[in-house]
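The chains referred to below are lettered A, B, ... by the order of the sequence lines, with proteins before strands, and numbering in each begins at 1.
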There are 2 protein chains.
Amino acid sequence: MEIAETNCSHKNHTQGDCIKSILPVKDALEVLSGKWKLPIIISLMFGNKRFSQIAKEIPGITDKMLSKELRDLEANCLVKRSVYDAIPVVVEYSLTDYGHTLKPVIEVLRVWGTTHRERIMGRVELAVQD
Amino acid sequence: MEIAETNCSHKNHTQGDCIKSILPVKDALEVLSGKWKLPIIISLMFGNKRFSQIAKEIPGITDKMLSKELRDLEANCLVKRSVYDAIPVVVEYSLTDYGHTLKPVIEVLRVWGTTHRERIMGRVELAVQD
DNA sequence: AATTCAACTATCCTTTGGTATAGTACTTAC
DNA sequence: GTAAGTACTATACCAAAGGATAGTTGAATT
């Protein structure tokens, strides 16, 4: 027997379209995966930093995680590590040009996240407030 | 002793600016976390779907994961679950209006992911396909 | 001589995310 | 009456992610 008509709107799209969108999104998420990569990148968007400065700016991160994620980001050409042989050796991290191309990604996430936070925090002018 | 001058560019930004950006981005990533949520949302961007249709469009997902993630997304008001009591009961999933607000997020990830994929695949080679 | 700081590395352990596999309730088809 | 499809749920298991804690190297400070 025929299934009743629902308001499905998938009339004429091939499954291929869907996968073509999913794959690059997954690629993007892969390099940004984990709890700390975006925070580190954001921190470096505000300027070059040393290890302990980044650690100070990102609440909760451990040295181990910061070290590991910086290495991952460097391997993906998003972050550059520069060693200056000053009296105590100074290691500075910066975003590469490629790293800076993530700016629109971060910006759109920041904007969406901001309204989402307002939403879940119950910033409802017209409805029930709790 | 003074540390040698490096090309640090963090002259005059307060740490607060950084955290103010990190928090909303983390909020956004939280609702999109995991391997399958974005793929499911993308699939529903192409139209309302039933359980097994979504499963077919997302290679590799198991029933359990699809079921769990759909529940998560519904709890976050991104996805709507509609039950139609047709002869075999039909359950249709759709994006809510709120879910549709993720479109720019997905779009920017798709664009960045596409160029990133070209980059890591070695975009000079046009002949090789996989 | 002991302490501190910077920039890490190492080890252990717990939690979470995800997979594999199977099973359920209902109904239509053969 | 056996099979197949739909929309799931349940149980067991495993690997990766991440946290806690401690140690290292070398120079500088007290």
Student: Go through residues 72-83 of chain A and report each residue with a non-hydrogen atom lying under 4.0 Å from DNA chain C, sorted by number.
Tutor: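 Those residues whose heavy atoms fall under 4.0 Å from DNA chain C, taken from residues 72-83 of chain A in numerical order, are Arg81(A).
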
Student: What nucleotide among dA7(D), dC8(D), dT9(D) has an atom nearest to a side-chain atom of Tyr93(B)?
Tutor: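 Nearest nucleotide to the side chain: dC8(D).
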
Student: For Thr96(A), what residues pass the side chain to side chain contact (heavy atoms under 4.5 Å, CB included) criterion, not counting sequence neighbours?
Tutor: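 Partners of Thr96(A) by the side chain to side chain contact (heavy atoms under 4.5 Å, CB included) criterion, ordered by chain and then number, come out as Lys80(A), Tyr98(A).
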
Student: Sugar-phosphate means primed atoms, P, OP1 and OP2; the rest is base. With that split, encode nucleotides 12-20 of chain D 5' to 3' as B, S or - using protein heavy atoms under 4.0 Å.
Tutor: B-----BBB

Student: Whole angstroms only, please: what is the CG-C1' distance between Asp63(B) and dG18(C)?
Tutor: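 Atom CG in Asp63(B) sits about 14 Å away from atom C1' in dG18(C).
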
Student: Starting at atom NZ of Lys49(A), determine the distance to atom P of dA7(C), rounded to an integer number of angstrom.
Tutor: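 One finds 14 Å between P of dA7(C) and NZ of Lys49(A), rounded.
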
Student: With a 4.0 Å cut-off on N to O distance, would you call Lys49(A) and Glu57(A) a salt bridge?
Tutor: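 A salt bridge is present here (some side-chain N lies under 4.0 Å from a carboxylate O).
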
Student: Atom CG of Leu32(B) and atom P of dG17(C): how far apart are they, to the nearest Å?
Tutor: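 Atom-to-atom, Leu32(B) to dG17(C), this comes out as 14 Å.
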
Student: What is the minimum heavy-atom distance between Tyr84(B) and Val89(B), and which atoms define it?
Tutor: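 Closest heavy-atom pair between Tyr84(B) and Val89(B): O-CG2, 3.6 Å.
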
Student: Roughly how many Å is it from OH in Tyr84(B) to P in dT6(D), rounded to a whole number?
Tutor: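 Computing the Tyr84(B):OH to dT6(D):P distance gives 18 Å.
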
Student: State the CD1-CD1 distance between Ile22(A) and Ile58(B), to the nearest 0.5 angstrom.
Tutor: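 If I round to the nearest 0.5 Å, the distance is 5.0 Å.
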
Student: With a 4.0 Å cutoff (strictly under), does any side-chain N or O of Ser67(A) reach OP1 or OP2 of dC8(C)?
Tutor: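 Looking at the OP1 and OP2 atoms of dC8(C), neither is under 4.0 Å from any side-chain N or O of Ser67(A).
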
Student: Shortest non-hydrogen contact from Gly113(B) to Ala28(A)?
Tutor: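 Shortest heavy-atom contact: CA-CB, 3.9 Å.
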
Student: Looking at Arg71(A), I'd like to know whether one of its side-chain N or O atoms comes within less than 4.0 Å of OP1 or OP2 on dT9(C).
Tutor: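 Answer is yes, contact under 4.0 Å.
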
Student: Taking only residues two or more places apart in sequence or in another chain, which ones pass side chain to side chain contact (heavy atoms under 4.5 Å, CB included) with Lys37(B)?
Tutor: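 Partners of Lys37(B) by the side chain to side chain contact (heavy atoms under 4.5 Å, CB included) criterion, ordered by chain and then number, come out as Ser33(B), Glu69(B), Asp72(B), Leu73(B).
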
Student: Rounding to 10°, can you tell me the angle the first-five-pair axis of the helix from dA1(C)-dT30(D) to dC30(C)-dG1(D) makes with its last-five-pair axis?
Tutor: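 Overall, the helix from dA1(C)-dT30(D) to dC30(C)-dG1(D) bends by 20° from one end axis to the other.
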
Student: What residues, two or more places apart in sequence or in another chain, satisfy salt bridge (Lys or Arg N to Asp or Glu O under 4.0 Å) together with Glu107(B)?
Tutor: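 Testing Glu107(B) for salt bridge (Lys or Arg N to Asp or Glu O under 4.0 Å), a comparison that skips the adjacent residues, returns Arg110(B).
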
Student: Examine dA7(D): is either OP1 or OP2 under 4.0 Å from a nitrogen or oxygen in the side chain of Arg50(B)? Give yes or no.
Tutor: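 Checking Arg50(B) against dA7(D): at least one side-chain N or O falls below 4.0 Å of OP1 or OP2.
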
Student: What are the two closest heavy atoms between Ile54(A) and Ser43(A), and how far apart are they?
Tutor: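 Distance-wise, the nearest heavy atoms are CG2-OG, 4.1 Å.
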
Student: Find the distance Leu66(B):CG to dG17(C):P and express it as a whole number of Å.
Tutor: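 Taking CG of Leu66(B) and P of dG17(C), I get 17 Å after rounding.
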
Student: Can you check the Glu30(A) CD to dG18(C) P distance for me, whole Å?
Tutor: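 Taking CD of Glu30(A) and P of dG18(C), I get 13 Å after rounding.
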
